[in-house]
K.L.:
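For reference, the structure I am asking about is given below.
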Amino acid sequence: MEKKQFQNDLISWFAAEKRDLPWRRTADPYQIWISEIMLQQTRVDTVIPYYKRFIEKFPTLNDLAQADEQILLKQWEGLGYYSRARNLQAGVKEVAENYGGIVPNSRKEISSLKGVGPYTAGAVLSIAYGIPEHAVDGNVMRVLSRILLIEEDIAKPKTRKIFEEAVTEIISHEDPSSFNQGLMELGALICTPTSPKCLLCPVREHCAAFHEGKQNELPIKTKAKKTKSLQYAMVAIRNEDKFLMEQRPESGLLANMWQFPLLETAIDALPLEIEEQLSERLKGVVDKAEKITSFKHVFSHLTWNVDGFIADSKNIVALDRMRWVTAEELELLPVAGPVQKMKTALQQRGEV
DNA sequence: CAGCCGTGGTC
DNA sequence: TGACCAAGGCT
């Protein structure tokens with residue numbers, strides 16, 4: 001491949017066709033960092049409103065470093081992968097304390113920050129600082145697997161190294177930012193997973209797969225395993241105008257997010273069984289349980305089948321990591337998808 | 001390394 | 001409707 005010509009074709013196309021995205025209107029390494037974390041495994045259209053609100057709420061690195069975790073998680077609510085938010089804040093605090101508030105500009109230092117892996121390190125270094133470092137994500141592996149006809153399985157972790165070496169070899173030293181973003185933009189707009197638009201591709205003369213007619217066979221990617229399924233009862237326990245909420249554990253699924261008390265159950269658990277198990281756990285009396293909804297929630301690696309109940313209680317004292325809240329206070333707690341679905345069911349009954 | 005970690009869109 | 005996908009990182 002003619003390296004120089006490839007760089008020119010890619011960068012020229014990017015200059016002409018790039019989308020006008022909010023994080024492309026700033027040169028602030030902190031704001032670019034935010035965008036890269038939000039974009040991990042998440043679509044551009046989904047990220048845009050979150051990014052705008054987030055930058056408005058936490059305009060500077062110090063604003064985020066000093067933020068309350070509940071406020072931060074509330075801003076992240078609905079985006080998913082909530083450990084990203086907590087790792088991001090941990091990384092930002094490190095920069096505030098150990099780097100004088102300046103995002104470090106070496107791969108070694110920036111990679112030591114919580115939540116910053118090989119991709120994000122290269123993205124921030126190249127986009128914010130113009131340093132010719134590789135930033136290999138799913139787009140880049142798909143695009144280069146076709147251009148360079150690489151037939152390694154991109155689902156395997158060790159394959160990423162092959163692409164990092166390839167990018168290091170061909171990256172533009174004049175404009176590494178446009179080069180890296182150009183590869184990703186090409187993957188998003190032209191060199192898509194299915195039916196790539198080769199006739200519109202600015203670098204198709206450099207593409208080995210196109211010449212061989214193999215663009216639809218690449219990349220090679222083994223399939224994911226199917227997810228496990230779990231059955232739960234989620235119970236809105238009411239005492240006058242308040243509901244009992246509990247905060248999930250500090251690690252694992254939906255860490256530190258809030259939920260209505262949750263009980264792993266057999267399929268079609270009866271209201272009486274729910275009352276009994278909850279009274280036992282909460283050391284009080286839970287009664288008048290009534291099923292009000294039933295839904296499925298699919299996570300990346302498992303599925304929750306949830307029966308939603310409403311129940312009464314009079315003498316329950318909030319235990320560790322629990323709190324009685326009004327409908328108004330409930331709106332301030334960060335909650336994930338399953339609890340949102342429960343809140344919707346409660347709203348339809350006029351309970352909140 | 002494999003498994004864990006969310007959500008919403010698409011075909 | 002199920003399977004796959006989208007600018008990954010942590011353990």
Side-chain angles (χ1 to χ4, degrees), chain A residues 14 18-19 21-24 32-51 73 76-88 90-91 110-128 134-143 153-161 163-164 167 177 179-189 191-195 219 221-230 248-257 259 296-304 334-341:
Chain A
F14 180 69
K18 67 181 176 186
R19 291 167 290 178
L21 302 173
W23 46 90
R24 288 181 176 160
I32 291 168
W33 182 7
I34 302 299
S35 73
E36 290 302 335
I37 300 299
M38 286 189 170
L39 286 163
Q40 288 170 9
Q41 300 290 287
T42 310
R43 283 184 165 72
V44 165
D45 289 341
T46 302
V47 168
I48 289 173
Y50 281 90
Y51 175 82
L73 285 175
W76 208 270
E77 182 182 276
L79 248 192
Y81 288 134
Y82 299 96
S83 67
R84 286 185 298 176
R86 302 197 310 145
N87 287 338
L88 170 61
I110 200 169
S111 297
S112 75
L113 302 173
K114 199 91 73 191
V116 178
Y119 163 75
T120 304
V124 175
L125 291 174
S126 60
I127 297 170
H134 59 75
V136 174
D137 70 339
N139 278 315
V140 172
M141 287 198 283
R142 181 176 62 258
V143 169
D153 181 359
I154 66 168
K156 299 248 185 264
K158 74 174 195 180
T159 303
R160 197 191 71 241
K161 191 173 168 57
F163 290 93
E164 288 173 348
V167 172
S177 170
F179 183 89
N180 279 341
Q181 291 189 78
L183 280 181
M184 293 187 277
E185 195 79 343
L186 194 62
L189 301 181
C191 196
T192 46
T194 58
S195 35
K221 186 177 188 183
T222 55
K223 296 179 182 176
K225 300 167 54 177
K226 47 188 122 176
T227 63
K228 290 182 300 187
S229 194
L230 295 169
R248 295 180 56 84
E250 293 182 33
S251 63
L253 183 64
L254 307 178
N256 280 1
M257 302 292 279
Q259 65 187 12
K296 178 164 72 168
H297 189 86
V298 180
F299 294 96
S300 48
H301 60 299
L302 54 86
T303 297
W304 283 10
V335 302
V339 177
Q340 291 291 5
K341 288 172 181 170

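Proteins come first, then strands; the chains are lettered A, B, ... in the order of their sequence lines, and each starts at number 1. Since the structure is predicted, the reported quantities are computational estimates derived from the model, not experimental observations.
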K.L.:
So A/Arg248, base contact, sugar-phosphate only, or nothing? Heavy-atom distance under 4.0 Å.
P.N.:
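No contact at all - A/Arg248 keeps every heavy atom at 4.0 Å or more from the nucleic acid.
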
K.L.:
Which whole number of Å gives the distance between the P atom of B/dG3 and that of C/dC4?
P.N.:
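Approximately 16 Å lies between the P atom of B/dG3 and that of C/dC4.
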
K.L.:
When you check every protein heavy atom under 4.0 Å of nucleotides 6-11 of chain B, what one-letter string (B, S, -) results, 5' to 3'?
P.N.:
BBB---

K.L.:
Taking only residues at least two apart or on different chains, which pairs with a member in residues 42-51 of chain A satisfy side chain to side chain donor-acceptor pair (under 3.5 Å)?
P.N.:
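Checked against side chain to side chain donor-acceptor pair (under 3.5 Å) - neighbours excluded - the pairs reaching residues 42-51 of chain A are A/Thr42-A/Arg84.
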
K.L.:
Calculate, to the nearest 0.5 Å, the distance between atoms CD1 and CE belonging to A/Ile154 and A/Met141 respectively.
P.N.:
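The CE atom of A/Met141 is 5.0 Å from CD1 of A/Ile154, to the nearest 0.5 Å.
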
K.L.:
Would you kindly compare A/Lys228 and A/Thr159 by the position of their nearest DNA chain B nucleotide and give the one closer to the 5′ end?
P.N.:
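Of the two residues, A/Thr159 wins.
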
K.L.:
In this structure, how many angstroms lie between the C1' atom of B/dC5 and the CH2 atom of A/Trp76, rounded?
P.N.:
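So the CH2-C1' distance, A/Trp76 to B/dC5, works out to 13 Å.
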
K.L.:
Between A/Leu39 and A/Val116, which is nearer to the 5' end of DNA chain C once each is assigned its nearest nucleotide?
P.N.:
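Result of the comparison: A/Leu39.
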
K.L.:
Can you measure A/Leu230 atom CG to B/dC4 atom P for me and round it to whole angstrom units?
P.N.:
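Rounded to whole Å, this separation is 11 Å.
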
K.L.:
Among the nucleotides C/dC10, B/dA2, C/dC5, which one has an atom lying closest to any side-chain atom of A/Pro157?
P.N.:
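Of the options given, the side chain of A/Pro157 lies nearest B/dA2.
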
K.L.:
Looking for any heavy atom pair under 4.0 Å, which part of the strands does A/Leu21 touch: base, sugar-phosphate only, or nothing?
P.N.:
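Base, at least one base atom sits under 4.0 Å.
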
K.L.:
The side chain of A/Asn87 is closest to which nucleotide in this list: B/dC4, C/dG8, C/dC10?
P.N.:
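Ranking B/dC4, C/dG8, C/dC10 by closest atom to the A/Asn87 side chain puts C/dC10 first.
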
K.L.:
Output the rounded distance in Å from CG (A/Leu88) to C1' (B/dC5).
P.N.:
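Between C1' of B/dC5 and CG of A/Leu88: 16 Å.
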
K.L.:
Check nucleotides 1-3 of chain C against the protein and report each pair of N or O atoms closer than 3.5 Å, with its distance, or say if there are none.
P.N.:
none

K.L.:
Check A/Thr120, A/Leu79, A/Asn87 against A/Ile37 for a side chain to side chain contact (heavy atoms under 4.5 Å, CB included) and give me the one that passes.
P.N.:
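Of the listed residues A/Thr120, A/Leu79, A/Asn87, the side chain to side chain contact (heavy atoms under 4.5 Å, CB included) partner of A/Ile37 is A/Thr120.
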
K.L.:
A/Glu185: what forms a side chain to side chain donor-acceptor pair (under 3.5 Å) with it, not counting sequence neighbours?
P.N.:
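Testing A/Glu185 for side chain to side chain donor-acceptor pair (under 3.5 Å), a comparison that skips the adjacent residues, returns A/Arg19, A/Arg24.
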
K.L.:
Quick one: A/Leu302 CG to B/dA2 C1', roughly how many Å, whole number?
P.N.:
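Taking CG of A/Leu302 and C1' of B/dA2, I get 15 Å after rounding.
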
K.L.:
Atom CZ of A/Arg142 and atom C1' of C/dG8: how far apart are they, to the nearest Å?
P.N.:
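Atom-to-atom, A/Arg142 to C/dG8, this comes out as 15 Å.
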
K.L.:
Mind calculating the distance between CZ (A/Arg86) and P (B/dC5) to the nearest angstrom?
P.N.:
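One finds 12 Å between P of B/dC5 and CZ of A/Arg86, rounded.
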
K.L.:
Please check if the side chain of A/Lys156 supplies one atom and the backbone of A/Thr222 the other of a donor-acceptor pair under 3.5 Å.
P.N.:
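Not at all, since once roles are kept as given, no pair shorter than 3.5 Å links the two residues.
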
K.L.:
With A/Lys161, which residues qualify under salt bridge (charged side-chain N to carboxylate O under 4.0 Å, His left out), at least two apart?
P.N.:
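In terms of salt bridge (charged side-chain N to carboxylate O under 4.0 Å, His left out), with neighbours along the sequence ignored, A/Lys161 is linked to A/Glu165.
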
K.L.:
Examine distances only and state if a side-chain atom of A/Arg160 and a backbone atom of A/Val136 form a donor-acceptor pair shorter than 3.5 Å.
P.N.:
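Not confirmed, A/Arg160 side chain does not pair with A/Val136 backbone.
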
K.L.:
Using a heavy-atom cut-off of under 4.0 Å over every strand shown, decide if A/Ser35 touches base, sugar-phosphate, or nothing.
P.N.:
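Nothing, no heavy atom under 4.0 Å.
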
K.L.:
Between A/Tyr119 and A/Glu36, do the side chains contain a donor N or O and an acceptor N or O under 3.5 Å apart?
P.N.:
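Side-chain D/A pair, A/Glu36 to A/Tyr119: present.
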
K.L.:
What is the distance, rounded to the nearest whole Å, between atom CD of A/Glu250 and atom C1' of C/dC10?
P.N.:
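Value for this atom pair: 17 Å.
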
K.L.:
For the pair made of CG in A/Asn256 and C1' in B/dC5, what is the distance, rounded to whole Å?
P.N.:
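Atom-to-atom, A/Asn256 to B/dC5, this comes out as 14 Å.
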
K.L.:
Among residues at least two apart in sequence or on other chains, which ones pass side chain to side chain contact (heavy atoms under 4.5 Å, CB included) with A/Leu230?
P.N.:
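Testing A/Leu230 for side chain to side chain contact (heavy atoms under 4.5 Å, CB included), a comparison that skips the adjacent residues, returns A/Tyr232, A/Glu264, A/Trp304.
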
K.L.:
For atom P, what is the distance between C/dG9 and B/dG8, given to the nearest Å?
P.N.:
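It comes out at 22 Å once rounded to the nearest Å.
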
K.L.:
Does the separation of the ring centres of A/His297 and A/Phe299 fall below 6.0 angstrom?
P.N.:
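For A/His297 and A/Phe299, the ring centres are under 6.0 Å apart.
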
K.L.:
Taking atom P in both C/dG2 and B/dC5, compute the distance separating them and give it to the nearest angstrom.
P.N.:
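Rounded to whole Å, the distance is 23 Å.
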
K.L.:
Please work out if A/Trp23 contacts a base, only the sugar-phosphate, or nothing of the nucleic acid, heavy-atom cut-off 4.0 Å.
P.N.:
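Result for A/Trp23 = base.
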
